[in-house]
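See structure below.
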Amino acid sequence: MIPISLRERPAMRPERYNVRESEAKWRKAWADAQIFKTVNDDPRPKYYVLEMFPYPSGRIHMGHVRNYAMGDVVARYRRARGFNVLHPMGWDAFGLPAENAAMQNNTSPAEWTYANIAAMRAQLQSMGLSLDWSREIATCDPSYYKHQQKLFLDFLDAGLVARKKSKVNWDPVDQTVLANEQVIDGRGWRSGAIVEQRELTQWFLKITDYSDDLLASLDRLDRWPEKVRLMQRNWIGRSEGLAVRFVIDPATLGALKGEPQTSELDIYTTRPDTLFGAKFMAIAPDHPLAAAAAKHDPALKAFIEETRKLGTSVAAIETAEKKGYDTGIRVAHPFDPEWRLPVYVANFVLMEYGAGAIFGCPAHDQRDLDFVRAYGLGVTPVVCPPELDPASFTIGAKAYDGNGVMINSRFLDGMTVDQAKEEVSRRLEQITVGGNPQAKREINYKLRDWGISRQRYWGCPIPIIHCETCGVVPVPVKDLPVKLPEDVTFDQPGNPLNRHPTWKHVVCPQCGRAATRETDTMDTFVDSSWYFVRFTDPHNFSAPDDPAMADHWLAVDQYIGGIEHAILHLLYSRFFTRAMRKCGYLDLDEPFAGLFTQGMVVHETYRDADGQWLAPSEIRVEGDGDRRRAFLVEGSEPVEIGPTEKMSKSKRNTIDPDEIIATYGADTARWFMLSDSPPERDVIWTEAGVQGAYKQVQRLWRLTCEIERIIGPERPAPPADYGDEARRIRRIAHAALAKIEDEIERLRFNVCIAAIYELANELAAAVGAIGESPVGDDLRAAFAEAGDILVHCFAPMMPHLAEECWEALGHKGFVAQSSWPVADRSLLVSNHVTYVVQVNGKKRGELTIERDADAKRIEGAALALDAVVRAMNDKPARKVIIVPLRIVNVVV
RNA sequence: GCGGGCGUGGCGGAAUUGGUAGACGCGCCGGAUUUAGGUUCCGGUGACGUAAGUCGUGGGGGUUCGAGUCCCUCCGCCCGCACCA
């Protein structure tokens, strides 16, 4: 698989480009010249390109290679286009794996983390990324989290922090609290343990203060993928509706034996117009009324238990039947005191949303319809679709949730849905029950406040002191950072900060009495919610940022990362930006002007006869297509070729970037990661793909050497006149340049690379055509220009090779520092154009004609073409359509 | 269940956004160079057909002078989700 011959015989091919030597040489040259160091007060327009910073797991993977290769193309391209580019790198360095490693290897999380950072930094540096390493930050460093603690205190002052008792998801293995979104299928996202519900006092950031703003601003993020915006929109989940108080018939409350003392059932609805179609009330299994009723009703208690077991997983919910339990409680219809509605506990009503209770209108909600079909509660349609006859309109298996005319609804009859919603809201607002209006218009959000407390050691300490006398006291700013103690042990579960002998014991800054520190640390999403700000002034000792610098560099012009952060990281960062603005740290609303989410790197999977996963290096493949078979590297034991999946350690289908770079070089790895698939889609790692990329490295090098041979030792001055061939070469080069430019700007790297291949193919053919014959100055000049253009075009993807070629073409200095050539688009316009000639929409021929030929001449020439005459078959042309510069269509 | 996306040669994918379908790469076939293999170079490669040509972008229908692209409908695959009242 690995081309051994390349390693063994370089000396026999002296013209071969020595990847390893050259790459190391240029990386050192860039570093020595510090050409990627960004200064803040550069007068050129700024461009901030950022890739999501990695967690320092210890080794980079191919996903990183792809992500950072993309960002580096953008950075190098923008630099060449005259921008002052900020392209920094850092480490998302807090988090659980460091504690697990500490437990297993008896090291400290800090030691483990910093060793990983050193290893990964070296790996990233071997990729030849144009990063400003002088701005490197690690979120676990006190010089970073000190400022995060300051931000927390500022947010506290600004009223953006809340301390609430709340039911939390407790992960019994990790012994920590998880956010709702960190609970997947009822299990912790890291530990996989079944999550329990516990009541704890937690710190929250009030992201819901910005619900509306975070939602509305999405419309302005026009350089974000629509998919991500939609996901955030759904996550925020705004709905306009009506909160309605239903009066409970006291006679039906007897079973509750006076507890709770309630006379009303509050519900929330977005469809008040359907109130006359109501057939039942449904409350969530964990609704207080349900709990109260269950106290005296073992069957109900059992039912609630059963629904709990259902869990929250999508699969379970999908297959679950709509089930309910009649509590015996009855409420009065708001518009008809005689009309009684039964109150059910239902498995499809969520306590967390709205009021945890609804009224069910089966005709116009599928869930409600399914429910009444099971319990025989009847269906009355109240909205009749337009153009259907109300008298005969009935509901079958499907609820109708569209617009229409109100029917069977007393005073609403004849209204539209919107009018009916308004009328019901207006009337109920005016009815008073027990001194309050019966209904209130309400806007609800699914978004909830962000709980940031984590019962962990390896995170940013929350700078708070608990005093028995003074209560919750912020740590004075002068005492920041609250540093993590280094002498901690991980020999037992739970938070080491909590059991540390001295760390948490302090005196209260207010009263001087003995007090204790907050031992919770912050969710690591806090760390990554402002690192892009810190990069603008990374070594500021006294403050999180310099507002002038932050405002100069932000927003990030191009942010690149995985789709898995579509909601949490990006939403939290958007919130943080608003919170920091409120506290005066910057003056902008959106942190990321352009967002790109790249696809994964995937690879085939292999298993042996026992079903054990095998690494790609342990197998060999023979044949192709349907005859493709895999065997163990040694021997003939067959291996099963499994589906192509995301590279993962567990399936052993990973490829180590280190090995690829050592064998083929960084340029090959980068090129391949960009060439084969559209960047937003998954790319399949194949050996053939890497080798193809490697071949291209060598081919571009040879081509450059050939071009250099034609140019000769002296570069000719541009001549006054170019001959036909020289003009042709210039046209090819400039056409390619224009296309490549467009494609890089649209981040369509695979198409861009295809255009580079095309240019190289054309130039190679032109070089071949010349052979050993003498070459005029005009042609030499054209080749010199084309060679420069070629090198510039692939320089963002294969920067090392580009430097070597740039030097071979006789240039001093770095191509990485030279300006992008200007595409002369006027060269692309020739005075002849080629029309495609169709007859009845079918291509029959081509017509090359003067650019300025008029319609009559084009029509005449087109109709005279042999193939056109033949296809017309003596029939007269009924119509001739001419699209200027493109196509002629003859209709017969 | 809801929402979103996708479907193009043997494979990955292009297609100026309604105007030459299959760019470019991989693979495959043939040739040259080479002691041989590999490398490198040249040519060919959607299907059917000797050819003129016919067919062809998941299936069916429609709009249009013209559809991979727009509309309707069906099928298949992928992703997201919180039954959101």
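Note on naming: letters A, B, ... go to the chains in the order of the sequence lines (proteins, then strands), and numbering restarts at 1 for each one.
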Is the phosphate of [N], meaning OP1 or OP2, less than 4.0 Å from a side-chain N or O of [X]?
{"X": "K695(A)", "N": "C26(B)", "result": "yes"}
{"X": "R681(A)", "N": "C6(B)", "result": "no"}
{"X": "N750(A)", "N": "A14(B)", "result": "yes"}

For residues R851(A) and V833(A), report the shortest heavy-atom separation together with the two atoms involved.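 Looking at all heavy atoms of both residues, the closest pair is NH1-CG1, 3.4 Å.
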Please measure how far the [atom1] atom in [N] lies from the corresponding atom in [M], and state the result in whole Å.
{"N": "C72(B)", "M": "C81(B)", "atom1": "C1'", "answer": "28 Å"}
{"N": "C29(B)", "M": "C74(B)", "atom1": "C1'", "answer": "40 Å"}
{"N": "G13(B)", "M": "U8(B)", "atom1": "C1'", "answer": "9 Å"}
{"N": "A67(B)", "M": "U54(B)", "atom1": "P", "answer": "15 Å"}
{"N": "G68(B)", "M": "A52(B)", "atom1": "P", "answer": "23 Å"}
{"N": "A32(B)", "M": "A23(B)", "atom1": "P", "answer": "27 Å"}
{"N": "G5(B)", "M": "G49(B)", "atom1": "P", "answer": "41 Å"}
{"N": "C79(B)", "M": "A15(B)", "atom1": "P", "answer": "25 Å"}

Using a 4.0 Å heavy-atom cut-off, does [X] contact any base of the nucleic acid, only the sugar-phosphate backbone, or nothing at all?
{"X": "L230(A)", "answer": "sugar-phosphate"}
{"X": "Q838(A)", "answer": "base"}
{"X": "Q366(A)", "answer": "nothing"}
{"X": "R271(A)", "answer": "sugar-phosphate"}
{"X": "V349(A)", "answer": "base"}
{"X": "N761(A)", "answer": "sugar-phosphate"}
{"X": "N889(A)", "answer": "base"}
{"X": "Y757(A)", "answer": "sugar-phosphate"}
{"X": "V883(A)", "answer": "base"}
{"X": "S675(A)", "answer": "nothing"}

Would you sort out whether F794(A) and W701(A) count as a ring pair (Phe, Tyr, Trp, His ring centres under 6.0 Å), showing the intermediate values? CA-CA 11 Å; F794(A) 69 74; W701(A) 169 244; over 10 Å; no
Pair [X] and [Y], ring centroids less than 6.0 Å apart:
{"X": "Y757(A)", "Y": "W671(A)", "value": "yes"}
{"X": "Y664(A)", "Y": "F672(A)", "value": "no"}
{"X": "F371(A)", "Y": "F280(A)", "value": "yes"}
{"X": "H333(A)", "Y": "F276(A)", "value": "yes"}

Proximity to the side chain of [X] - top-ranked nucleotide from [options]:
{"X": "M231(A)", "options": "A23(B), G80(B), C79(B)", "answer": "G80(B)"}
{"X": "P678(A)", "options": "C79(B), U17(B), G13(B)", "answer": "G13(B)"}
{"X": "R699(A)", "options": "C24(B), C41(B), C83(B)", "answer": "C41(B)"}
{"X": "N347(A)", "options": "U20(B), A23(B), C83(B)", "answer": "C83(B)"}
{"X": "I881(A)", "options": "C83(B), G12(B), G19(B)", "answer": "G19(B)"}
{"X": "K227(A)", "options": "C24(B), C79(B), A14(B)", "answer": "C79(B)"}

Who pairs with [N] - Watson-Crick or G-U, where each distance is under 3.5 Å:
{"N": "G1(B)", "answer": "C81(B)"}
{"N": "U17(B)", "answer": "none"}
{"N": "G43(B)", "answer": "C29(B)"}
{"N": "U57(B)", "answer": "none"}
{"N": "U63(B)", "answer": "none"}
{"N": "C6(B)", "answer": "G76(B)"}

[X] and [Y] ion-paired at < 4.0 Å:
{"X": "R702(A)", "Y": "E706(A)", "answer": "no"}
{"X": "R825(A)", "Y": "E741(A)", "answer": "yes"}
{"X": "D219(A)", "Y": "R233(A)", "answer": "yes"}
{"X": "D212(A)", "Y": "R238(A)", "answer": "yes"}
{"X": "K843(A)", "Y": "E846(A)", "answer": "yes"}

Starting at the 5' end of RNA chain B, which residue's closest nucleotide do you reach first, I684(A) or Q232(A)?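 Of the two residues, I684(A) wins.
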Closer to the 5' end of RNA chain B via nearest nucleotide, is it R233(A) or S239(A)?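 Its nearest nucleotide lies further toward 5', so the answer is R233(A).
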Whole-Å distance separating the [atom1] atom of [X] from the [atom2] atom of [N]:
{"X": "R702(A)", "N": "C41(B)", "atom1": "CZ", "atom2": "P", "result": "5 Å"}
{"X": "L703(A)", "N": "U40(B)", "atom1": "CG", "atom2": "P", "result": "14 Å"}
{"X": "D682(A)", "N": "G7(B)", "atom1": "CG", "atom2": "P", "result": "15 Å"}
{"X": "I882(A)", "N": "G66(B)", "atom1": "CD1", "atom2": "P", "result": "17 Å"}
{"X": "W685(A)", "N": "C26(B)", "atom1": "CH2", "atom2": "P", "result": "16 Å"}
{"X": "N234(A)", "N": "C2(B)", "atom1": "CG", "atom2": "P", "result": "15 Å"}
{"X": "D742(A)", "N": "A14(B)", "atom1": "CG", "atom2": "C1'", "result": "15 Å"}
{"X": "I887(A)", "N": "A67(B)", "atom1": "CD1", "atom2": "C1'", "result": "12 Å"}

Syn or anti for G38(B), with syn set at within 90° of 0?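 For G38(B), whose glycosidic angle is more than 90° from 0, the conformation is anti.
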So, is U33(B) syn or anti if syn means the angle is within 90° of 0?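 Anti, angle beyond 90° from zero.
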When you check every protein heavy atom under 4.0 Å of nucleotides 45-54 of chain B, what one-letter string (B, S, -) results, 5' to 3'? -------SSS
